[in-house]
Amino acid sequence: MTVRKNQASLTSDEKRAFTSALLELKRDGSYDRFVTTHNGFIMSDTDSGDRVGHRSPSFLPWHRRFLLEFEAALQRVDASVALPYWDWTADRTTRSSLWAPDFLGGTGRARDGQVLDGPFAYSTGRWNINVRVDGRPYLRRTLGAGVAQLPTRAEVDSVLAMPVYDMAPWNSSSNGFRNHLEGWRGVNLHNRVHVWVGGQMSTGVSPNDPVFWMHHAFVDKLWADWQAKHPQSAYLPAAGTTNVVDLNDTMRPWNDVTPADMLDHRKFYTFDTEPVAAASQR
Ligand SMILES: [Cu+2]
């Protein structure tokens, strides 16, 4: 069974196994297909039209499935690998071990944002940015420049306290848990982290930066934490909603998976720290 761990607790061997598997998926071409898929959904998901991957209730189940596919690809390279998660409320500075040269490498240089150290630096010749929105073929970051602070634990807790999963109009203007976690409304959690990292992470081709997977693995864990906290709250909408993925509708691009299939992460993996259901509700 796959156990997703906090990136801060990985051993050097685990970090090496994870980065090596990423480099192998890059080498064999499968990595870039994930970037292409993500960007396609970023481009096509709109507030007033069909929306699946983002700015909609299925943001969470869509990314859960997307990460599962990516993790399965990593595990075909090295069966010992699981996606780590980055708790950005705890590891919130550019000095975090996450950004050390033995893991993801650090921020970009001032002149052009180019990441110069770590396994994903352009100079290694092993991490070219091929699926891109401009001509620059090198990984870029501007840690902490686009927005000063990552979200705090108190801000996360304020969003986890919201009892309703999502609300009409089921888009970036919605109230409720999903849109506050996604970040279009309120204190802004997920979107803000993309902006804090900067570079490709703040664009539609954000999976070009391997931190994408660790960021989304933590967003995914926050969904599990929210479910444990609100066992009576369900995925919404239940049925009959135009342009929106209802509970039992299939999701593109897979067309064989519904939000209902994605609700229980324990069918697929557990976390090093599993959320504990609220005692008063058991
Ligand atoms: Cu994201």
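Note: hydrogens, waters and symmetry copies are ignored here, and every other heavy atom, side chains too, is used. Indexing begins at 1, ligand by ligand and atom by atom, following the structure's order. Note that the numbering runs from 1 along the sequence shown for the chain.
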_If I consider every N, O or S atom in H194, which one ends up closest to the Cu ion (ligand 1)? I only need its name._
NE2
Report whether any nitrogen, oxygen or sulfur of [X] sits less than 2.8 Å from the Cu ion (ligand 1) (N, O or S, backbone or side chain).
X	result
H216	yes
H190	yes
H215	no

*With distance as the sole criterion, is a donor-acceptor pair present between the side chains of D261 and T258 under 3.5 Å?*
yes
*Picking from D112, D134, D209, what satisfies salt bridge (Lys or Arg N to Asp or Glu O under 4.0 Å) with R140?*
D134
*Kindly confirm or rule out a cation-pi arrangement of R4 over Y269, judged by NZ or CZ under 6.0 Å from the six-membered ring centre and within 45° of its axis?*
yes
*Is R51 close enough and on-axis enough to W170, meaning under 6.0 Å and within 45°, for cation-pi?*
no
